[in-house]
Amino acid sequence: MKIATWNVNSLKVRLPQVLDWLALQQADVLCLQETKLEDKVFPLAEIEAAGYRAAFVGQKTYNGVAILARRERGEIEAVERGIAGFADEQQRVISATIGGVRIVCAYVPNGQSVDSDKYQYKLRWLAALRDWLAAELEKYPQLALLGDYNIAPEDRDVHDPAAWQDQVLCSAPERAAFRGLLDLGLTDAYRLFEQPEKSYSWWDYRMMGFRRNQGLRIDHILLSAPLAARCTACVIDKEPRRLERPSDHAPVMATLDAA
DNA sequence: ATGGCTGCTTTGAGCAGA
């Protein structure tokens with residue numbers, strides 16, 4: 001079972017790339033962030049025509065998340081939107097069960113800068129996510145949290161750690177929040193395996209960030225212990241970032257052995 | 001030192017992203 005996450009920065013613009021990527025990779029589950037689409041205009045027909053089902057929640061202009069699942073994998077079950085107990089107008093979380101695996105698709109707030117109100121919202125949001133996930137893991141021991149975390153967990157996930165030190169995406173409180181998720185018993189699938197140095201999942205559109213590999217690793221797949229035991233690979237696919245009109249994020253994909 | 005790109009918005013300059 002191949003499960004993946006991709007911040008597409010507008011599904012309206014990136015839908016052809018998403019469909020091409022699914023056909024190429026044959027991913028079973030793809031979590032999308034920043035769809036930027038209201039539910040009434042979500043391209044469900046095109047996705048179904050490609051052999052996938054979808055659960056989604058969105059809004060105009062900002063945020064928006066979706067879970068796509070290959071029809072052969074069966075129904076998308078027990079769909080839940082948002083973080084229970086955390087009222088939030090921003091559509092950043094959707095969860096569902098596919099093939100016995102609880103999939104949580106998350107778009108963590110960006111935070112803008114460490115001295116902004118948005119940063120405080122990000123930290124509150126992450127605390128609520130952790131508390132909610134603690135309970136979800138009791139209900140669903142086979143749980144994967146996939147998405148755009150907007151956190152580079154360690155300096156090795158940053159092209160220029162000195163420049164980014166204490167900046168948003170890299171600050172100590174954000175990294176502590178990331179470790180708080182690991183403390184729930186989750187494992188960073190990417191770090192289960194030997195990986196190339198200077199591996200990133202996001203590159204700034206400006207200043208030829210991608211060509212110079214000036215990036216950050218901020219998109220992650222965290223696995224509960226039973227799933228980590230089944231994980232045989234985790235990769236960042238940089239190919240879509242090379243396309244015309246790319247998202248600024250690359251997809252991340254983990255492979256799980258049969259249970 | 002600043003902004004450097006992209007997508008979006010009751011179309012056009014400003015926002016948000018990271």
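Chain A is the first sequence line, chain B the second, and so forth, proteins listed ahead of strands; every chain is numbered from 1.
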- Could you tell me whether Tyr107(A) contacts a base, only the sugar-phosphate backbone, or nothing, with contacts defined as non-hydrogen atoms closer than 4.0 Å? sugar-phosphate

- Item | Integer angstrom distance from the P of dG4(B) to that of dC15(B) | 14 Å

- dA18(B) to dG7(B) separation - P atoms, rounded to the nearest Å: 14 Å

- Query: Do Glu80(A) and Arg102(A) sit within salt-bridge range, that is, some charged N less than 4.0 Å from a carboxylate O?
  - Reply: yes

- Between Phe42(A) and Ala54(A), the two heavy atoms sitting closest are CE2-CB, 3.9 Å

- Message: Categorize Glu34(A) for me: base, sugar-phosphate, or nothing, with a 4.0 angstrom heavy-atom threshold over every strand shown.
- Response: sugar-phosphate

- Task: Specify the separation, in whole Å, of atom CD of Gln59(A) and atom P of dT9(B).
- Result: 11 Å

- Item | Length of the line joining Asp148(A):CG and dG17(B):C1', which is rounded to integer Å | 10 Å

- Message: Tell me if the side-chain of Asn150(A) makes a donor-acceptor pair with the base of dA18(B), cut-off 3.5 Å, by modelled atom types.
- Response: no

- Query: Do you know the tightest heavy-atom contact between Ile151(A) and Glu174(A)?
  - Reply: CD1-O, 3.4 Å

- Message: Would you measure the distance from the C1' atom in dT2(B) across to the matching atom in dC8(B) and give it in whole Å?
- Response: 24 Å

- Quick one: does Arg241(A)'s side chain have a donor or acceptor within less than 3.5 Å of a partner on His249(A)'s backbone? no

- Asn63(A) atom CG is separated from dG17(B) atom P, nearest whole Å, by 7 Å

- Task: Cation-pi check, Arg217(A) to Tyr200(A): give yes when NZ or CZ is under 6.0 Å from the six-membered ring centre and within 45° of the ring axis, no otherwise.
- Result: no

- Message: Tell me the interatomic distance from Asp157(A), atom CG, to dA18(B), atom P, rounded to whole angstroms.
- Response: 16 Å

- Query: Looking at His249(A), does any N or O in its side chain come under 4.0 Å of the phosphate oxygens OP1/OP2 on dA18(B)?
  - Reply: yes

- Item | Pairwise C1' distance, dG17(B) and dG3(B) [rounded to whole Å] | 15 Å

- Task: Calculate the interatomic distance between His159(A) atom NE2 and dA18(B) atom P; express it in whole Å.
- Result: 15 Å

- Would a distance-only check, ignoring hydrogens and angles, find a side-chain to backbone donor-acceptor pair under 3.5 Å from Gln195(A) to Tyr190(A)? yes

- From CG of Asp219(A) across to C1' of dG17(B) the rounded distance in Å is 13 Å

- Query: Out of Tyr107(A), Trp202(A), Phe178(A), which residue meets the ring pair (Phe, Tyr, Trp, His ring centres under 6.0 Å) rule with Tyr149(A)?
  - Reply: Phe178(A)

- Query: Checking all strands, does Asn7(A) fall into the base, sugar-phosphate, or nothing category for heavy-atom contacts under 4.0 angstrom?
  - Reply: sugar-phosphate

- Query: How does protein contact run along nucleotides 3-8 of chain B, one letter per nucleotide 5' to 3', with B for base contact, S for sugar-phosphate only, - for none, heavy atoms under 4.0 Å?
  - Reply: -BBSSS

- How far, in whole Å, is dT10(B) from dT6(B) if one measures between their P atoms? 23 Å

